[in-house]
Amino acid sequence: MTEINPATPTKLPNISFEFFPPKTEEMDRTLWETIERLAPLAPSFVSVTYGAGGSTRERTHATIVRLLKETSLIPAAHLTCVGAPKSEIDDVVTRYHEAGVRHIVALRGDPTTGIGTEYIPHPDGYKTSADLVASIRKRYSDIDVTVSAYPEKHPESADFDADIDVLAAKVDAGATRAITQVFFDNDLYFRYLDKVRARGIDIPVLPGIMPMHNFKQARSFVTRAGTTVPDWLAAKFDGLDDDAETRKLVAATVVAGQVQKLAKHGVSDFHFYTMNRADLVFAISHLLGFRPNGARKAA
Ligand code: FAD
């Protein structure tokens, strides 16, 4: 079987968490309560997304800087090429570097006209994510760059070969890690990984795991991004639209099953799309052997 993440020899898993920058004071409170709850699990890093079209640039920056100042977590700032000239994007990277950020998740981003429409780069902007990766690495060799990966291929890719060409270009440009788009069928991840390894790409490819607090909302969101929601999964949430408590128990069972099966097959790094909520992610991390204060138990 394919070696899953050869750069990570440890048997105990690594976890990382994704947050999004809060829009309101209430969301801000929720995010920081979530961070307080999850931080003692000592994740390898925590990432903060960059709103479509760069809409959250300042909020992403503020969240990242606060993480640096007030926690011992290692923050990774998402950044896209959308809607800005290279000079502006470079300034964002410079500000991050000056603030002490040493990890960027570099992305092309979605078209400003909506997912599914043609992507038109800014006339003076970075044209591809690989261009952005290359620029960051050239200017700052001490910034670790993570990129995206698509177990179901990106919706714009003609086929898997074309999709993996893009991943290969990003790795050639200096990316050291990839995080996958959310997926629910582990076989898709393993088949994709086989293709990636067959291409000679050996960076860790972290599975992006999404505990679904609200199945209906999550389904509409992930489907737009090209993720398949299998019928067996939809059936598990059937009839629970007005029963949040049972939904949560079902979501915990589903995601625990997914993660434990991945771990059983040798996956050692997990990236959780937290949706800024702690409960399910804390429980699943516990199942993986993570305890507060960085303690680990073999799961
Ligand atoms: P890439 O991997 O660069 O390319 C995606 C696809 O576009 C390719 O597979 C290919 O089909 C096509 N393509 C790209 N370049 C070429 C080329 N030169 N020739 C032909 N085809 C090409 N979006 C945000 O707005 N903010 C975020 O914070 C954010 N975080 C994300 C984190 C992760 C882990 C993932 C998986 C996605 C994230 N996204 C985010 C979504 C992402 O911006 C979209 O999926 C976007 O459509 C593609 O960006 P990318 O960097 O993944 O693209």
Side-chain angles (χ1 to χ4, degrees), residues 16-22 45-61 63-64 75-84 89 92 96 103-122 125-136 145-183 188-189 192 195-196 199 201 203-210 221-227 269-276:
S16 52
F17 304 135
E18 180 187 290
F19 303 115
F20 61 86
F45 65 91
V46 295
S47 75
V48 181
T49 60
Y50 190 76
S55 55
T56 67
R57 186 184 293 179
E58 290 309 319
R59 281 186 278 131
T60 301
H61 190 270
T63 307
I64 289 279
H78 291 220
L79 180 62
T80 75
C81 309
V82 178
I89 304 285
V92 174
Y96 276 133
H103 187 171
I104 288 181
V105 181
L107 304 141
R108 185 199 69 180
D110 284 318
T112 43
T113 40
I115 297 179
T117 63
E118 188 190 354
Y119 180 82
I120 300 174
H122 185 283
Y126 289 107
K127 297 208 166 18
T128 67
S129 54
D131 293 343
L132 175 60
V133 174
S135 162
I136 297 170
V145 180
T146 292
V147 291
S148 61
Y150 294 89
E152 300 187 57
K153 79 178 184 56
H154 187 274
E156 288 173 43
S157 294
D159 52 37
F160 273 102
D161 279 347
D163 194 88
I164 294 173
D165 283 345
V166 174
L167 180 62
K170 295 189 283 193
V171 175
D172 289 346
T176 52
R177 178 191 304 94
I179 299 172
T180 75
Q181 183 59 281
V182 59
F183 61 90
L188 294 170
Y189 171 76
Y192 173 75
K195 292 188 183 91
V196 167
R199 195 50 109 63
I201 299 172
I203 60 166
V205 179
L206 280 52
I209 307 290
M210 183 187 281
F221 171 69
V222 302
T223 308
R224 267 184 284 133
T227 296
D269 297 57
F270 297 90
H271 186 75
F272 290 105
Y273 293 110
T274 69
M275 312 306 282
N276 290 4

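Ligands are counted one by one from 1 in listed order, and the atoms in each one are counted from 1 as well. In what follows, every heavy atom counts, from backbone to side chain, and hydrogens, waters and symmetry copies are set aside.
- For Phe45 and His271, the ring centers are positioned less than 6.0 Å apart.
- Between Thr80 atom OG1 and Tyr126 atom OH the span is 12.5 Å, to the nearest 0.5 Å.
- Nearest non-hydrogen protein atom to atom 7 (O) of ligand 1 is Arg108 NH1, 3.5 Å.
- At a distance under 4.0 Å, no protein heavy atom can be found next to atom 21 (N) of ligand 1.
- The ligand atoms of ligand 1 that sit less than 4.0 angstrom from a heavy atom of Ser157 are 8 (C), 9 (O), 10 (C), 11 (O).
- Aromatic ring orientation, Phe19 versus Phe17: tilted (interplanar angle from 30° to 60°).
- Within the 4.0 angstrom cut-off, atom 47 (O) of ligand 1 has one or more protein heavy-atom neighbours.
- The environment of CZ in Phe160 is crowded: more than 12 heavy-atom neighbours from other residues, nucleotides or ligands sit within 6.0 Å.
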Working for side-chain contact (heavy atoms from CB on, under 4.5 Å), residues Leu79 and Ile89: CA-CA 8 Å; Leu79 180 62; Ile89 304 285; 3.8 Å; yes

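- Side-chain contact between His154 and Val166 is absent, with no heavy atoms from C-beta onward closer than 4.5 Å.
- Checking atom 34 (C) of ligand 1 against the protein gives a heavy-atom contact under 4.0 Å.
- Residue contact annotation: Gly109 has a non-hydrogen atom under 4.0 Å from ligand 1.
- Nearest protein heavy-atom contact of atom 24 (C) of ligand 1 is Tyr50 O, 3.4 Å.
- Rounding to the nearest 0.5 Å gives a distance of 7.5 Å between CD1 of Ile120 and OG1 of Thr112.
- Residue Asp110 has at least one N or O atom closer than 3.5 Å to an N or O atom of ligand 1.
- Contacts of Thr49 with ligand 1, taken as heavy-atom pairs under 4.0 Å, involve both backbone and side chain.
- Ion pairing between Lys195 and Asp161 fails under the 4.0 Å rule for side-chain N and carboxylate O.
- Contact annotation: for Lys170 versus ligand 1, heavy atoms closer than 4.0 Å belong to the side chain alone.
- Numbered from 1 in the order shown, with element, the atoms of ligand 1 that lie under 4.0 Å from a heavy atom of Gln181 read 36 (C).
- Residue-level proximity to ligand 1 for His78 is carried by the side chain, the only part with a heavy atom below 4.0 angstrom.
- Distance from atom 1 (P) of ligand 1 to its nearest protein heavy atom, with residue and atom name: Ser129 OG, 3.6 Å.
- Every atom of ligand 1 with a heavy atom of Ser148 under 4.0 Å away is listed here by number and element: 2 (O), 35 (C), 36 (C), 50 (P), 51 (O), 52 (O).
- In this structure, NE2 on His103 lies 10.0 Å from CD1 on Ile136, to the nearest 0.5 angstrom.
- The NZ atom of Lys170 sits 8.5 Å away from the CD1 atom of Ile203 when rounded to the nearest 0.5 Å.
- With a 4.0 Å cut-off on non-hydrogen atoms, His154 touches ligand 1 through its side chain and not its backbone.
- Heavy-atom separations between Tyr273 and ligand 1 include at least one value shorter than 4.0 Å.
- Within the structure, the closest approach of Tyr150 to ligand 1 falls below 4.0 Å when heavy atoms are considered.
- Annotation for ligand 1: atoms under 4.0 Å from non-hydrogen atoms of Thr80 are 24 (C), 25 (O), 26 (N).
- Residue Leu206 holds its CG atom at 4.5 Å from CG of Asp269, rounded to the nearest 0.5 Å.
- The shortest side-chain heavy-atom distance between Tyr273 and Ile179 falls under the 4.5 Å cut-off.
- Counting only heavy atoms of the protein, atom 16 (C) of ligand 1 lies nearest to Val166 CG2, 4.2 Å.
- Summarising the geometry, atom CE belonging to Met210 is positioned 5.0 Å from atom CZ belonging to Phe221; distances are rounded to the nearest 0.5 Å.
- The backbone and the side chain of Leu107 each have at least one atom closer than 4.0 Å to an atom of ligand 1 (non-hydrogen atoms only).
- Each of the following atoms of ligand 1 lies closer than 4.0 Å to a heavy atom of Thr128: 18 (N).
- In this structure, Val105 has no heavy atom closer than 4.0 Å to ligand 1.
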